[in-house]
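Each remark here refers to the structure printed beneath this line.
Numbers for residues simply follow the sequence, beginning at 1.
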Amino acid sequence: MIGVPELERILPHRHPMLLVDRVTHILPGESLTALKAVTANEPWYAPGTGPKTSAAPYAYPQVLLIESWCQAAGVLATWDRPNPDVLTGDVMLFGSLGDVEFGEPVLPGSVVEHHVRLVRSLGDTLVFEGDAQVDGTTVMTVGQVLMAMRPAESLRPHPDPR
């Protein structure tokens, strides 16, 4: 089992944007299962974010559910070559997302289980698919996520020629 200290040695994300709590299974180069516990103490549930008269305002933001899943994919992508320092080495870049479908909303108290599969590896470009479940119910299906690894040096701005 891989927890937050190990995840911080793999990913550049930190609190409050480290959205994976634990990796329970990894088959390097093939698949990964990770967990994200959703709590009402997260910043997006802060007081003043609107009336809480029903469960709807407590639904975990879909964009964060996608981000959490993509971070799990990032762990699989960088397992053999972790680089939490985005200023050196290879940097993991999110390329595209396709065929995402959402099921029931995820509410505080839920533990989301991300299932990530590496579908294709084209050198420094990776294609993933999978889903996210809560208590065995699919809450999100991901048809395709494209990630690319690029040298940090190539991402720096070029000096102004003037």
### side-chain hydrogen bond (donor to acceptor under 3.5 Å, both in side chains) involving E42 - partner list, sequence neighbours excluded
K36, W44
### Query
Do V112 and Y58 belong together in a cluster built from hydrophobic side chains that touch within less than 4.5 Å?
yes
### Q62 side chain reached by M140 side chain, heavy atoms, under 4.5 Å
no
#### Entry: Heavy-atom pair of closest approach, residues L126 and A77
CD1-CB, 3.4 Å
## Note on the structure
E113 meets the side-chain hydrogen bond (donor to acceptor under 3.5 Å, both in side chains) criterion, sequence neighbours left out, with H115
### Message
According to a hydrophobic-cluster definition based on side-chain heavy atoms being under 4.5 Å apart (Ile, Leu, Val, Met, Phe, Trp, Tyr only), do V4 and I2 belong together?
### Response
yes
### Query
Going by heavy atoms in the side chains, are T138 and E104 under 4.5 Å from each other?
no
### Task
May I ask whether M1 and V116 are part of the same hydrophobic cluster, defined by side-chain heavy atoms of I, L, V, M, F, W, Y residues being less than 4.5 angstrom apart, directly or through others?
no
### side-chain contact (heavy atoms from CB on, under 4.5 Å) partner of F102, chosen from V139, T141, L65
L65
### Task
Specify the closest pair of heavy atoms between P43 and P16, including all atoms of both residues, with the distance to one decimal.
CG-CB, 3.8 Å
#### Entry: salt bridge (Lys or Arg N to Asp or Glu O under 4.0 Å) partners of residues 118-135, not counting sequence neighbours, each pair once
R117-E129, D124-R150
### Query
Cluster partners of V127, using ILVMFWY side-chain heavy atoms under 4.5 angstrom, listed by chain and number?
V119, L146
#### Entry: Common cluster, L7/W79, ILVMFWY with side-chain heavy-atom separation under 4.5 Å
yes
### Task
Output the distance between atom SG (C70) and atom NE2 (H13), rounded to the nearest 0.5 Å.
9.0 Å
### Query
Measuring from S110:OG to Q133:CD, what's the distance to the nearest 0.5 Å?
13.0 Å
### Task
Check P151 against S154 and note the closest heavy-atom contact, atom names and distance.
O-OG, 2.7 Å
#### Entry: Verdict with supporting geometry, V38 and V111, side-chain contact (heavy atoms from CB on, under 4.5 Å)
CA-CA 6 Å; V38 176; V111 175; over 6 Å; no
### Task
Please name all residues satisfying side-chain hydrogen bond (donor to acceptor under 3.5 Å, both in side chains) with T88, sequence neighbours left out, ordered by chain then number.
D85
### Query
Mind checking whether S31 and H25 have side chains closer than 4.5 Å, heavy atoms only?
yes
### Query
Hey, quick one: are V20 and V63 part of the same hydrophobic cluster, counting side-chain heavy atoms closer than 4.5 Å, chains of contacts allowed?
yes
### Query
Partners of R14 by side-chain hydrogen bond (donor to acceptor under 3.5 Å, both in side chains), sequence neighbours excluded?
none
### Query
Quick check: does any side chain N or O of Q71 sit under 3.5 Å from a backbone N or O of M17, one acting as donor and the other as acceptor?
yes
### Task
Take S68 and H114 through the test side chain to side chain donor-acceptor pair (under 3.5 Å) and record every step on the way to the result.
CA-CA 8 Å; S68 180; H114 297 302; 2.8 Å; yes
#### Entry: Heavy-atom neighbours of E6 CD exceed 12 at 6.0 Å
yes
### Query
Heavy-atom distance under 4.5 Å between the side chains of L76 and L27, does that happen here?
no
### Query
Taking the side chain as C-beta and beyond, is there a heavy-atom pair between F128 and L97 under 4.5 Å?
no
### Separation between CG of L32 and CD1 of I26, rounded to the nearest 0.5 Å
4.5 Å
### Query
Just wondering, do V142 and D99 contact through their side chains at under 4.5 Å, heavy atoms?
no
### Query
Could you give the distance from CG (L155) to CG (L93), rounded to the nearest 0.5 Å?
5.5 Å
